[in-house]
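The chains referred to below are lettered A, B, ... by the order of the sequence lines, with proteins before strands, and numbering in each begins at 1.
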Amino acid sequence: MELEKSYNAKEAESKHYQRWEAQGCFAPEINQNPDAKPFSIVIPPPNVTGSLHMGHALQHTIMDVLTRWKRMQGFKTLWLPGTDHAGISVQRKVVEQLGKDERKKPQDIGREAFTQRAWAWKEQFGNTITEQMRREGASVDWSRERFTMDESLSKAVREVFCTLYEEGSIYRGKRMINWCPNDKTVISDLEVSEEKKKGKLTYLIYPIEGSDKTLTVATTRPETMLGDTAVAVNPNDERYRDIIGKFVLLPLTNRKIPIIADEYVDLEFGTGCVKITPAHDPNDYEIGLRHNLEQILILNNDGTLNENAGAEFAGMDRFKARAKVIEDFETLGLLEKQDDYEITLPVCERCKTVIEPMVSEQWFCKMDGMRDMALDLMKNENLPHFSPQVPHEKVYTTWLENLKDWTISRQLWWGHQIPAWYDEAGNTFVARTYEAAKTQANSDNLTQDEDVLDTWFSSALWAFSTFGWNGEVTETDDLNDFCPTDVLVTGRDIIFLWVSRMMMTTKKFVNKTAFKDVIITGTVLGKDGKPMSKSRKNGVDPLEMFDKYGVDATRIYLASIASGADIRWNDLQIETYRNFSNKIWNATRFCLLNSEGATVDPESLKLSDDDSIADKWIISRLNKTANAVNTALERYHFHEAVRLLYQFFWNDFCDWYIELVKDEITFSSNNVSDDEDDLSIWANSEKQTKAKTRIVTIIEQSLRLLHPFMPYLTEELWGFLPATGSHLHNSAYSNADATIMLADYPKDGNIDEKAESEMQSVIDLISRVRNIRAELSIKPAEKVEIHAACNADLQQVFRENEAQILKLARANTLTLGETLNVPKASAKAVMQGAEIAVPLEGLIDFAKERERLENQINKLNVELGQLNGQLNNENFVAKAPVEKVQDLRDRVAEIENQTQTLNKTIEALK
RNA sequence: GGGCUUAUAUGUCAAUUGGUAGACAGCUUCCCUUACAAGGAAGAGGUUAGGGGUUCGAGUCCCUUUGAGCCCACCA
């Protein structure tokens, strides 16, 4: 059969995914080996609001490479997919839609109607990313797809909540929290980020009661003075010792507030006097508690001020109120000054709205117990094992050690509503169901808490809730088989938000380690070296790359940069792998054009003595590559695996092996029809079929090795190869329909170092002659004569490969001997163990040739200088390992030998 | 303020426990040689950011300066 001249990625991509899925190849049940070891990964569930970005593509590639690799090795493999309900994001989308389509607010339609719409939104738009994953070729088991708000997962959430409540870890209380006035909900510390801005430090003058003295406080948020309930000074501050215990008349309000002493105040900063707003500042909150200060809440949920701020300010936006406070102080002559000041604002991680710290009644979760479990795992068993190891283990541990209570309630409607009910008297009943709550309360008249749980609360359970655990069901086959999962692949941004919490909850609720290894991927940066973002417009869309270069090229490129460090996107690199796809396609195409009578037969890779050096060499190289690729993958060195495969396939197999055996393989197909009776051709035929079988088998093995990285291309080509079928499957899949994704992953082949070094000599010889040709500008059509002087063994090697040497070096004759016997007008070269000459009567320019040789001597001399530098160092000779020293001495001898030869040659040319 | 990462060829990146720097792309020269011009052959190109130290030997370990980036805490 004959393939198209170049690889059409789209065509291959459209063919195989559905079939794989339909045949159940992605599900662990495909594995028929009852003793198969499990291998499992749970996907970090992408938000239903999301669409695929480069970070996903990178992580999915890594997960798929591991999954496909392990599956081919015969593991009972599960990569479990799913999505996250993404509370705030979905809520915002639905609010937006409601406003646009119907000009309504959520309150207008009520909670039930709103959540119905959210579900509808999820049904309609929520599978964008899962569809995109199909395009990626992700071999996830869709039959086990989960969503964080599935019934069973929701049940798990209630179970965990209730258990933690019952043991006193979850509690409700008024605490200082982070409020997002835009999303109108509390958010946890981890969801707050920072923004540096130029701002003002404003100095406000407060009159002291019963005197004409004043004091000055400095603030970056002047409007909060409306909620001040004290002024604090340091007890050791000489300047203010006499006013401690007195009162300040707070301007713009009619309040009298105490001047208190607290160590917290920094004598050096500002004026040394600090206004204290316990309801709106974390530090002031603490001071307020110590001094029993009143908390005056002056903000509404939307960031406007409330009645507590006074009639003039009520309903006013916080930033307008800030301006007005400053203005009013100025009018009163109480504004001392305003300094330029760089301030770091806490902002909502998602919407970048400035966060207001405030006191609010929320649900919290104490983490101490679970935290200690996770710390013990790390301390005693070094779990999870991070890759790359440093610094993540240390960061993880330190973070756990300093863990504070987690604010778990959110003022949203989309999510898991908190399973707490209140009776008319305000008593709280936490229960797994409404029915149970009613029984507890002994009342039918209960109202459920309006809040939902932080989205990360359900994500935290992902490593076991997805396997069927929900409190009622606590043992499932999947839980037994697949938890702990083997490896988690994620970015470093959610080590705290997600990774640590999964470790904690999984240990606590199913007494297992969520995952043994954690691969922390680097960030894919834009071409400008900055993280990809919409605002920077430096994003690269994976789908565009799929269209432009093909899914496989994109995947193997992503794998080639997956070393753990951040990586800058580079179109040129991905093009290399597009070319690589084409190279694989065409190498296969060549073999197929000459595959008459051949079959894919792994037996053909077993060597016998009459096999040629080239055959021994390529099989050794193949085996070495397979071994190294397996090792690299075990270490999660994806870039190294890719490099090995690329080098083997392109350099060893295409550049050398195909060229070496080309004549042998193409011979009869060109000639047999011309002269069918020629006995020598028939004599050649069996040998040739063997050669053809061997080369298609090597291709087949290469495709297997490449399959985890390039699933579509390899599947497409595998199907074209002669006699591929389920008999090539790993034994765990012998009954399944034929596909490369179930073929046995190559490993543990024999390595023949002697053949490798002999072949290297052949390659060196050809390269030397080619170098002479290129540097002396000998026309490609011009055939040369090659003379080589070397020992008998090497002569034998060259003789065995004479045909190939003549062809690849474009020569007529190869003359071998112990010494060279050539005319003066010859170009010469040296290599390890041999001296080479190419007679060039009439073609050689002696001056040019001398220059060429001197160049080579210079290169050798540089190396010699380095080596002698070391060898002349007595300490080196005394202390370095003996083998090392001997290696250098051998090399020096070799160089001296070669240099001598070259010098003689130069002399002869004079 | 505390901690961490990083600096290697023109570009993007590699380099096992310290053993004397590689790949791809680009560049130069030549070639449409019946698998592939998305190709082939041959080349040039590096005081591994600067300085110091440990060592027989440092891209690799230690100190330091400078540049880039990240995390945590705090900032009246």
Side-chain angles (χ1 to χ4, degrees), chain A residues 2-3 5-7 194 201-203 217-221 224 231-232 264-266 269-277 281-284 341-344 388 390-392 394-395 398-399 402 492-493 495-496 523 525 527 529-531 549 553 560-561 563 565-573 575-594 631 635 637 639-640 643 646-647 651 654-655 658-659 662 666 670 766-767 770-775 777-781 807-808 810 863 866-867 869-870 873-881 884-885 887-888:
Chain A
E2 193 164 336
L3 268 50
K5 260 195 137 177
S6 58
Y7 173 53
E194 289 177 345
L201 188 59
T202 304
Y203 289 77
V217 295
T219 178
T220 55
R221 294 185 296 156
T224 60
V231 170
Y264 162 76
V265 180
D266 181 353
F269 190 90
T271 60
C273 297
V274 185
K275 57 187 282 306
I276 302 298
T277 322
D281 183 277
N283 294 305
D284 294 7
Y341 190 67
E342 183 170 287
I343 45 179
T344 317
V390 282
H392 301 110
K394 197 180 157 195
V395 171
T398 313
W399 184 79
N402 299 310
R492 67 175 87 84
D493 51 333
I495 293 179
F496 305 143
T523 310
L525 307 173
K527 285 168 201 153
K530 303 242 164 82
Y549 302 105
S560 81
I561 61 175
S563 66
D566 288 354
I567 203 81
R568 201 183 282 216
W569 183 268
N570 189 339
D571 271 353
L572 290 172
Q573 296 282 99
E575 218 176 304
T576 302
Y577 290 102
R578 190 270 316 263
N579 296 350
F580 186 46
S581 306
N582 197 47
K583 190 74 179 177
I584 296 166
W585 178 268
N586 273 295
T588 312
R589 177 170 182 263
F590 166 79
C591 293
L592 286 172
L593 287 171
N594 300 289
T631 306
R635 292 179 185 164
H637 289 182
H639 60 285
E640 195 185 341
R643 187 182 54 79
Y646 187 96
Q647 234 165 42
N651 302 131
C654 292
D655 288 349
I658 288 185
E659 297 304 328
K662 199 175 241 177
T666 56
N670 294 340
I766 296 169
S767 298
R770 281 174 170 175
N771 175 275
I772 287 171
R773 299 186 61 110
E775 299 207 333
S777 303
I778 295 164
K779 293 212 165 61
K807 183 181 175 222
L808 298 180
R810 295 185 164 266
E863 195 185 339
Q866 280 180 349
L867 294 171
Q870 285 183 78
N873 183 330
E874 284 173 26
N875 280 322
F876 172 76
V877 178
K879 294 188 183 178
K884 187 76 205 165
V885 178
D887 279 355
L888 294 194

Give the ring-plane orientation class for Trp399(A) versus Phe496(A), where under 30° counts as parallel, over 60° as perpendicular and anything between as tilted. parallel

Do the rings of Phe269(A) and Tyr341(A) sit parallel, tilted or perpendicular, given the 30° and 60° boundaries? perpendicular

Nearest to the side chain of [X], which nucleotide is it out of [options]?
| X | options | value |
| --- | --- | --- |
| Phe590(A) | A35(B), U20(B), G39(B) | A35(B) |
| His639(A) | C31(B), A14(B), G69(B) | A14(B) |
| Pro881(A) | C36(B), G19(B), A38(B) | G19(B) |
| Phe496(A) | C71(B), A35(B), A23(B) | C71(B) |
| Leu593(A) | A35(B), C36(B), A38(B) | A35(B) |
| Ile658(A) | A14(B), A35(B), A25(B) | A35(B) |

So which heavy atom on Asn570(A) is nearest to which on Leu572(A), and how close? OD1-N, 3.0 Å

For [X], which contact category applies under a 4.0 Å heavy-atom criterion: base, sugar-phosphate, or nothing?
| X | value |
| --- | --- |
| Asn582(A) | base |
| Thr588(A) | nothing |
| Leu201(A) | sugar-phosphate |
| Ala878(A) | nothing |

Under 3.5 Å, is there an N or O donor on one side and an acceptor on the other linking the side chain of Arg643(A) and the base of A23(B)? no

Distances under 3.5 Å between protein N/O atoms and the N/O atoms of nucleotides 9-12 of chain B, please, pair by pair.
residue	atom	partner	partner atom	Å
U12(B)	OP1	Arg568(A)	NH1	3.4
U12(B)	O4'	Asn570(A)	ND2	3.1

Length of the CG-C1' vector between Asp566(A) and C4(B), whole Å: 13 Å

How does RNA chain B look in dot-bracket notation if pairs are Watson-Crick or G-U with both distances under 3.5 Å, crossing ones as [ ], other-strand ones as |? (((((((..((((.....[..)))).(((((.......))))).....(((((..]....))))))))))))....

Set out, line by line, the N/O atom pairs under 3.5 Å between protein and nucleotides 40-48 of chain B.
residue	atom	partner	partner atom	Å
G40(B)	OP1	Lys583(A)	NZ	3.1
G40(B)	OP1	Trp650(A)	NE1	2.5
A42(B)	O3'	Asn771(A)	ND2	3.0
G43(B)	OP1	Asn771(A)	ND2	2.4
G43(B)	O5'	Asn771(A)	ND2	3.4
A44(B)	OP1	Lys859(A)	NZ	2.8

What distance, rounded to whole Å, do you find between the two P atoms, one in U5(B) and one in C63(B)? 11 Å

Compare side-chain N and O positions of Lys662(A) against OP1 and OP2 of A35(B) and report whether any pair is under 4.0 Å apart. yes

Measuring to OP1 and OP2 of C36(B), would you say a side-chain N or O of Lys5(A) lies under 4.0 angstrom away? yes

